[in-house]
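One structure is given below, encoded as structure tokens.
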Amino acid sequence: MIKKHIHTEAIQPYLKQKNTFPCNKKQQFILEGAPVSGLYFIYEGCVKVFKQTANKNSQIIRFSKNGEIVGHRGFGTNYVYDISASALTDSILCNFSTDVLIEMLHKTPPLMFDFMLFYADQLQKSEANAKRFAQMTVREKVINGLLFIMQKFGQTDSFINITLSRKDIADFAGTSTDQVIRVISALKKEGLLNAKGKRLGIPDVEKFEAQLKETQYFLEG
DNA sequence: GCATTAATTGGTC
DNA sequence: GACCAATTAATGC
């Protein structure tokens, strides 16, 4: 979204004010409850956005990859971040301070417009999301989650282009690590899933999708 | 290579 | 389906 505008004349001065820094795998760069420090653009890599829940569990809200932004919810009226974010792979991030961002948006209406579309889209997805979670079986949650991850990060040679821990998959699908492992090994036995160590892959997407009953569309996008 | 983490399996409630 | 314990595999240094 920012990328699309990156060559327009008007925003060049602001781009100089961004702070680019590397973020290694597992490193957390947004802490829930911490004061907002602007918005992050993912220049390279993959990132997860999550929320801590009561015990020691967490819920993964969404994944982001290069070209996308994180921390946009802290922008505007919020004083502190209501989510945490950490890198899933070694990444390169750009931080735009809230001030710079505001000015940039004011001076660049097309960018502002794209931001608006982005927010509207996010809202729509999160509403669609909320409905569908409760009545899914564990197996369906896991299948659904894996499908989404595959769709988002893509697959080469029948293996998904990212390696997530079983815990991350569980946090995303809304189950426990135990359950994820059990579903995965069942799917493996059924020949619906490739698994080599931590790497997973879907050999036959159609067959895999067919495991989901009726009204199941993907999470997010 | 060793030490720490993560994955997996099996069992109990 | 949640929780725990024991074993084994993967990973970091």
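Keep in mind the model is a prediction, meaning the values are calculated, not measured. The sequence lines fix the lettering, A, B, ..., with proteins before strands; numbering per chain opens at 1. Side chains included, hydrogens not; waters and symmetry mates left out as well; all remaining heavy atoms used.
Taking atom NZ of residue A:Lys198 and atom C1' of nucleotide C:dT11, one finds them 8 Å apart after rounding to whole Å. One interatomic measurement links the two molecules: NZ of A:Lys167 to C1' of C:dA10, which rounds to 18 Å at whole-angstrom precision. Separating the CG atom of A:Asp178 from the P atom of B:dT12 is a distance of 16 Å, rounded to the nearest angstrom. At whole-Å resolution of the value, CD1 in A:Ile184 and C1' in B:dT9 are 14 Å apart. Atom P of nucleotide C:dC13 and atom CG of A:Asn24 are separated by 10 Å, given to the nearest angstrom. Spacing between atom NZ of A:Lys196 and atom P of B:dA7 amounts to 18 Å, rounded to whole angstrom units. With rounding to whole Å, A:Leu164 atom CG is found 13 Å from C:dT11 atom P. Between A:Leu200 atom CG and B:dA6 atom P the separation is 16 Å, expressed in whole Å.
For A:Arg166 and B:dT8, the shortest distance from a side-chain N or O to OP1 or OP2 is below 4.0 Å. Phosphate proximity of B:dT5 to A:Ser165: absent, as no side-chain N or O sits under 4.0 Å from OP1 or OP2.
Nearest to the side-chain atoms of A:Ile181 among the listed nucleotides B:dG10, B:dA7, B:dA6 stands B:dA7. Distances from the side chain of A:Ser176 to the nucleotides C:dA10, C:dA2, B:dG10 place C:dA2 closest. With distances taken from any side-chain atom of A:Arg182 to the nucleotides B:dG10, C:dA10, B:dT9, the minimum falls on B:dG10.
Minimum heavy-atom separation, A:Ile102 to A:Phe75: CG1-CE1, 3.6 Å.
Where A:Lys26 and A:Thr175 each meet DNA chain C at their nearest nucleotide, the meeting point lying more 5' is that of A:Thr175. Mapping A:Thr163 and A:Gln179 onto DNA chain C by nearest heavy atom places A:Gln179 closer to the 5' end of the strand.
Other residues, nucleotides and ligands contribute over 12 non-hydrogen atoms within 6.0 Å of the CD atom of A:Glu190. When the shell of 6.0 Å around CZ of A:Arg73 is examined, it contains 12 or fewer heavy atoms from other residues, nucleotides or ligands.
Between A:Tyr119 and A:His72, the ring planes lie perpendicular to each other; the angle is over 60°, past the 30° to 60° tilted range. Below 30°, between 30° and 60°, or above 60°: for A:Phe148 and A:Phe63 the angle between ring planes is below 30°, a parallel geometry.
Residue A:Ser185 is in sugar-phosphate contact alone, with no base atom involved, counting any heavy-atom pair closer than 4.0 Å across all strands shown.
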